[in-house]
Number of protein chains: 2
Amino acid sequence: MTGTTQQARRSDATRTAILAAARERFAADGYERATIRAIAKDAAIDPSMVMRYYGNKEGLFAAAIDLDLRLPDPAEITVDDMGRTLVRHFLDLWEENEVLTALLRVGVTNAAGAERMQDIFKRQTLPLALRVCPDPAEAPVRAALCASQVLGLALTRYVLRFGPAVGLGRDETVEWLAPTLQRYLTAERP
Amino acid sequence: MTGTTQQARRSDATRTAILAAARERFAADGYERATIRAIAKDAAIDPSMVMRYYGNKEGLFAAAIDLDLRLPDPAEITVDDMGRTLVRHFLDLWEENEVLTALLRVGVTNAAGAERMQDIFKRQTLPLALRVCPDPAEAPVRAALCASQVLGLALTRYVLRFGPAVGLGRDETVEWLAPTLQRYLTAERP
DNA sequence: TAGATTTGCCAACAGACGTTGACCAACAAG
DNA sequence: CTTGTTGGTCAACGTCTGTTGGCAAATCTA
């Protein structure tokens, strides 16, 4: 039936249950404290199944964070709306599932996670920076500044859970952060 | 000799060696992967000494991050220089030792660490926000926004080690971030 | 129906972890 | 010198970790 793509396996339900439980645990506990035993218990299967389907803990993590970021097309954004669009996009990405939270938690204590995070943010922000910033050579720095503000908000809001940052509404957040990113991207170098 | 204060113990050298090793390990590895055994080995003593002097791992961590933040006096800062002063102060604090890096790494996977971090940033930024922001009721939000940018920079620079964020010079960083904090503190609510 | 493959559980391994208590050497006080 | 206190090592404990291999049942293939 599924000729060209992948053969549908009978264990697909288990596999996705494991992945869902893994994402939840990684997001809540970080890499070390998210034990395979706990994940397996959440998925209501035996720990050894995790090993069979994902090889080892690193493989499970890699599969759990293999997300598809729907990058906005740089060509379709008005230059003046760049900051606003970016903040909106990131907030959506962050709140639609726990993958990015998991990645942030793990990236802080795990080298592979840090690299993946770096890759994601490079791919997200660099093209946009290249499109709008005055000097292309400055694009990496400007993109990194944007990443620092976005990641900082995610950190205080979704991980450390600072009261005021959690209470901030979505639109409020956009209004506060958008001008910052806009300046990092387009302003003359200070 | 030391009558009023603390009696000087013969083991003080060992105690500080343990603390130094602990800070290094916590900053480099996070809470879980910084094992007592590894810390003891770095300090060239037996793991059981750590237990005797600091009770348990949590006690050791608490002692390791018991830092003194030299808060700038709000009354002595020009309102217009508030952003610049804050960024400078945080950069200094972050680069003079590894305590804050350790705290950030641990705060992400450890509830006690997160609380301590929250406490530090409340105490650092709230008084300044209260002094300069238009409406005192908005001070917590404005302080949290400042915290998000500062922590975001620390995250990308000292923990995730994004290339461009690491390469950014101190003065450059100040010039980029200061206007952001200034706006978060003093601008009209967007 | 007979055999092969997949899915799952169970029990166990080896290593690392935090933590404990017994024990020895150096020192201080009488 | 004797006695109590402090600084330190050693060996071990119970527990938890990732990981492995064997075995039973369910399912697919012929």
Side-chain angles (χ1 to χ4, degrees), chain A residues 1-3 6-26 28-65 102 105-106 109-113, chain B residues 1-3 6-26 28-65 102 105-106 109-113:
Chain A
M1 195 171 287
T2 55
Q6 198 78 357
Q7 186 65 245
R9 282 157 307 195
R10 195 155 31 100
S11 58
D12 280 350
T14 305
R15 293 177 128 94
T16 61
I18 292 175
L19 277 191
R23 290 199 188 96
E24 226 169 289
R25 284 284 178 174
F26 282 131
D29 299 337
Y31 189 81
E32 334 285 335
R33 302 204 337 206
T35 68
I36 290 190
R37 285 172 152 94
I39 293 170
K41 188 173 237 178
D42 288 357
I45 44 92
D46 191 88
S48 62
M49 304 298 296
V50 178
M51 310 304 295
R52 182 175 301 178
Y53 292 143
Y54 298 100
N56 53 28
K57 193 177 181 180
E58 284 208 17
L60 172 63
F61 176 69
I65 63 166
R105 269 227 162 80
V106 172
T109 46
N110 181 281
Chain B
M1 195 173 284
T2 55
Q6 197 79 355
Q7 186 65 244
R9 284 158 305 195
R10 197 155 33 101
S11 59
D12 280 348
T14 305
R15 293 179 129 93
T16 60
I18 292 176
L19 277 192
R23 289 198 190 98
E24 227 170 287
R25 285 284 180 175
F26 282 131
D29 299 338
Y31 189 80
E32 333 284 337
R33 304 205 336 207
T35 69
I36 290 190
R37 285 172 150 94
I39 292 169
K41 188 172 238 179
D42 287 357
I45 44 92
D46 192 88
S48 62
M49 305 296 296
V50 178
M51 311 304 296
R52 184 179 301 183
Y53 292 144
Y54 298 100
N56 53 28
K57 193 177 180 180
E58 283 208 16
L60 173 63
F61 176 69
I65 63 166
R105 269 226 163 81
V106 172
T109 47
N110 182 283

Which residues within residues 12-21 of chain B lie with some heavy atom under 4.0 Å of an atom in DNA chain D? T14(B)
Do the non-hydrogen side-chain atoms of D46(B) and M49(B) ever get within less than 4.5 Å of each other? yes
Between Y54(B) and R15(B) (side chain of the first, backbone of the second, donor and acceptor by atom type, cut-off under 3.5 Å), is there such a pair? yes
With the side chain defined as heavy atoms from C-beta on, Y53(A) is closest, among dT7(C), dT19(C), dC10(D), to dT7(C)
Verdict with reasoning, E32(A) to Y31(B), per side-chain contact (heavy atoms from CB on, under 4.5 Å): CA-CA 10 Å; E32(A) 334 285 335; Y31(B) 189 80; over 6 Å; no
Looking only at side-chain N and O atoms, does S48(A) come under 4.0 Å of OP1 or OP2 in dC9(C)? no
Using whole Å, report how far CE of M51(A) lies from P of dT6(C). 20 Å
DNA chain D nearest-nucleotide lookup for I36(A) and R52(A): closer to the 5′ end is I36(A)
Do V106(A) and I65(A) have side-chain heavy atoms sitting under 4.5 Å apart? no
If you pin R37(A) and A44(B) to their nearest nucleotides in DNA chain D, which one's is more 5'? A44(B)
Output the single nucleotide from dT9(D), dC9(C), dT19(C) whose closest atom is nearest the side chain of M49(B). dT9(D)
Toward the 5' end of DNA chain C, by each residue's nearest nucleotide, N56(B) or R10(B): N56(B)
Between NZ of K57(A) and P of dT17(D) the distance, given in whole Å, is 9 Å
Whole angstrom value for the distance that separates P of dG18(D) from CD of E32(B): 12 Å
Gap between atoms CD1 and P, on I45(B) and dC10(D) respectively (whole Å): 12 Å
Any donor-acceptor N/O pair, S11(A) side chain to T14(A) backbone, under 3.5 Å: no
So, OP1 or OP2 of dT6(D): does either fall under 4.0 Å of a side-chain N or O from S11(B)? no
Distance in angstrom units between R9(A) CZ and dT7(C) P, rounded: 8 Å
With the side chain counted from C-beta on, respond yes when N56(A) and V50(A) share a heavy-atom pair under 4.5 Å apart, and no when they do not. no
d(CG, D46(B); P, dG18(C)) in whole Å: 13 Å
How close or far is atom P of dG8(C) from atom NZ of K41(A), stated in whole angstroms? 19 Å
I'd like to check D42(B) versus R25(B) (side-chain heavy atoms, cut-off strictly below 4.5 Å). Are they in contact? yes
Atom CD of E58(A) to atom P of dT17(D): distance rounded to whole Å? 18 Å
